[in-house]
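Here the structure comes first, spelled out in structure tokens, and everything after it is commentary.
Every chain is numbered from 1, with letters handed out A, B, ... down the list of sequences.
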Protein chains: 2
Amino acid sequence: MLAARGFGGLTLRAVAGEMGATTGLVTHYFPSKRALVRHALEVLDRRSAGRPRPAEERVGQASGLVRLRAVLLDVLPLDGPGAANNRIWVGSWDVALADPELAAEHAARYRRARERMAGYVAEAQRAGELPAGPDAGDVAAAAQSFVLGLVVQALFAPEEFPPVRQVALVDGYLAGLAAG
Amino acid sequence: MLAARGFGGLTLRAVAGEMGATTGLVTHYFPSKRALVRHALEVLDRRSAGRPRPAEERVGQASGLVRLRAVLLDVLPLDGPGAANNRIWVGSWDVALADPELAAEHAARYRRARERMAGYVAEAQRAGELPAGPDAGDVAAAAQSFVLGLVVQALFAPEEFPPVRQVALVDGYLAGLAAG
DNA sequence: CGGTACATACCCAACGCTTGTTACGTACCA
DNA sequence: TGGTACGTAACAAGCGTTGGGTATGTACCG
């Protein structure tokens with residue numbers, strides 16, 4: 001629903017209809033539409049964390065730089081489901097920016113992601129894969145900025161940003177980081 | 001209106017009320033709400049292009065790298081109006097992703113911005129400010145990804161991304177480009 | 001110069017529809 | 001007997017949109 005019509009086109013009846021049910025079912029489980037939206041975002045977040053990650057799953061206990069790369073690639077809309085997820089995520093920014101509570105949850109999510117990346121960056125710095133100079137938090141924030149923006153551009157211009165190019169751009173970015 | 005309540009909270013009555021008028025005025029000039037939204041985005045785009053640009057205006061006929069930096073900085077939410085503009089812009093992605101025509105206009109806007117940046121990149125490459133190896137279009141796409149994502153993060157976590165840090169991150173990114 | 005015709009700008013009121021929400025009824029299951 | 005899981009129906013509110021009314025110009029024509 002959200003991936004197709006966005007948050008602006010989200011209605012309880014459409015949600016219920018998609019499940020072959022009625023609005024009574026939805027309101028039975030969610031006290032309000034806002035709670036539904038919140039739950040949807042939480043589910044999406046959890047699913048993104050728990051889904052089969054094509055890039056990261058084979059990484060195992062690899063080096064910090066390899067894991068950083070895997071995390072970055074997992075964010076990108078490289079396939080159909082990934083694009084759908086990202087459409088929802090990007091669309092949620094409109095409602096989140098107008099709802100302080102949702103905005104805070106988003107901020108927390110992105111902060112967690114940055115901290116995770118910062119750990120990989122620090123690891124890569126200790127291993128000499130990345131220059132030790134820059135602050136790991138800054139590098140992580142920059143890397144997340146890069147992929148977030150790449151997601152947006154890839155969603156609006158899929159033919160200009162096919163999966164191969166997305167990966168190539170990320171690799172180019174990481175190469176720049178390594179070169180310092 | 002849009003900066004405060006987002007596209008999900010946009011109503012003709014609220015728009016009219018904000019001007020001290022009625023819905024009749026709005027419908028007199030716009031055949032539909034969709035046309036209103038379209039016009040608003042167009043105005044926002046034009047205003048962004050024509051507003052006093054604190055970073056770029058003093059650049060004049062400077063080098064390609066300096067101009068690239070100025071363009072990137074002009075996108076960021078470094079002050080109140082800049083943040084408001086970016087809130088609208090980010091919020092518009094939800095409605096645009098659900099409306100093919102709006103999506104196409106967005107894609108065209110971002111493509112134009114990339115092409116502009118690519119020109120500066122090529123200029124910087126010719127001047128030896130940036131390594132001549134990478135494709136200018138790729139560098140421009142990467143740079144725009146970077147700032148777009150930085151905008152999103154800065155909007156959700158303003159205290160973690162104050163103007164100084166935003167500028168520092170951009171400069172760090174450009175330094176990496178020059179070195180890589 | 002005066003008067004008529006017309007277009008513009010805007011308010012007002014209402015339309016039909018959709019929305020989120022609520023209340024109630026009913027089946028199933030412990 | 002009671003609680004959970006739904007469907008059904010209706011509610012009031014708000015929505016975009018429409019049509020008509022009324023001023024204020026503005027152009028045309030004798």
Side-chain angles (χ1 to χ4, degrees), chain A residues 1-47 84-85 87-106 109, chain B residues 1-47 84-85 87-106 109:
Chain A
M1 267 299 310
L2 288 174
R5 306 200 210 178
F7 284 79
L10 179 72
T11 68
L12 298 188
R13 282 168 238 267
V15 170
E18 195 77 14
M19 325 186 328
T22 65
T23 71
L25 187 153
V26 182
T27 62
H28 179 64
Y29 290 97
F30 299 99
S32 71
K33 181 185 180 180
R34 195 167 163 279
L36 209 205
V37 168
R38 196 113 76 97
H39 177 73
L41 290 177
E42 196 178 333
V43 164
L44 184 68
D45 190 19
R46 224 184 292 280
R47 195 210 302 176
N85 281 358
R87 284 169 83 96
I88 303 176
W89 214 249
V90 170
S92 77
W93 292 340
D94 178 54
V95 41
L97 282 174
D99 184 321
E101 203 168 354
L102 288 179
E105 295 175 8
H106 268 54
R109 269 188 265 266
Chain B
M1 266 300 311
L2 288 175
R5 305 199 211 179
F7 284 78
L10 179 71
T11 68
L12 298 189
R13 282 168 236 269
V15 170
E18 195 77 14
M19 324 184 330
T22 65
T23 71
L25 187 153
V26 182
T27 62
H28 178 64
Y29 290 97
F30 300 99
S32 70
K33 180 183 180 180
R34 195 167 163 279
L36 210 206
V37 168
R38 196 112 76 99
H39 177 74
L41 290 177
E42 197 178 332
V43 164
L44 185 68
D45 190 19
R46 224 183 293 280
R47 194 210 304 176
N85 281 357
R87 285 169 83 95
I88 302 175
W89 214 248
V90 170
S92 77
W93 292 339
D94 178 52
V95 41
L97 282 174
D99 185 321
E101 204 168 353
L102 288 179
E105 295 175 8
H106 268 55
R109 269 189 265 267

Of all the nucleotides listed ([options]), which has the minimum atom distance to the side chain of [X]?
X: A:Thr23; options: C:dC10, D:dA9, C:dA13; result: D:dA9
X: B:Thr11; options: D:dG7, C:dC11, D:dC15; result: D:dC15
X: B:Ser32; options: D:dG7, C:dG20, D:dT17; result: D:dT17
X: B:Arg13; options: C:dT21, D:dC15, D:dA5; result: D:dC15
X: A:Leu25; options: C:dC10, D:dG16, D:dC6; result: D:dC6

Rounded to the nearest Å, what distance is computed from the [atom1] atom of residue [X] to the [atom2] atom of nucleotide [N]?
X: A:Leu10; N: C:dT18; atom1: CG; atom2: P; result: 16 Å
X: A:Leu12; N: D:dG7; atom1: CG; atom2: C1'; result: 15 Å
X: A:Lys33; N: C:dT18; atom1: NZ; atom2: C1'; result: 11 Å
X: A:His28; N: C:dC24; atom1: NE2; atom2: P; result: 17 Å

Requested in this report: Could you tell me which non-hydrogen atom of A:Ala3 sits nearest to which non-hydrogen atom of A:Arg87, and how far apart they are?
Outcome: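 So the minimum-distance heavy-atom pair works out to O-NE, 3.0 Å.
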**Report entry** Residue mapping more 5' on DNA chain C - nearest nucleotide basis, A:Pro31 or A:Gly9
**Finding:**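 Its nearest nucleotide lies further toward 5', so the answer is A:Gly9.
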Report task. Give a yes/no on whether any side-chain N or O of A:Thr27 is located under 4.0 angstrom from OP1 or OP2 of C:dT21. Result -> no
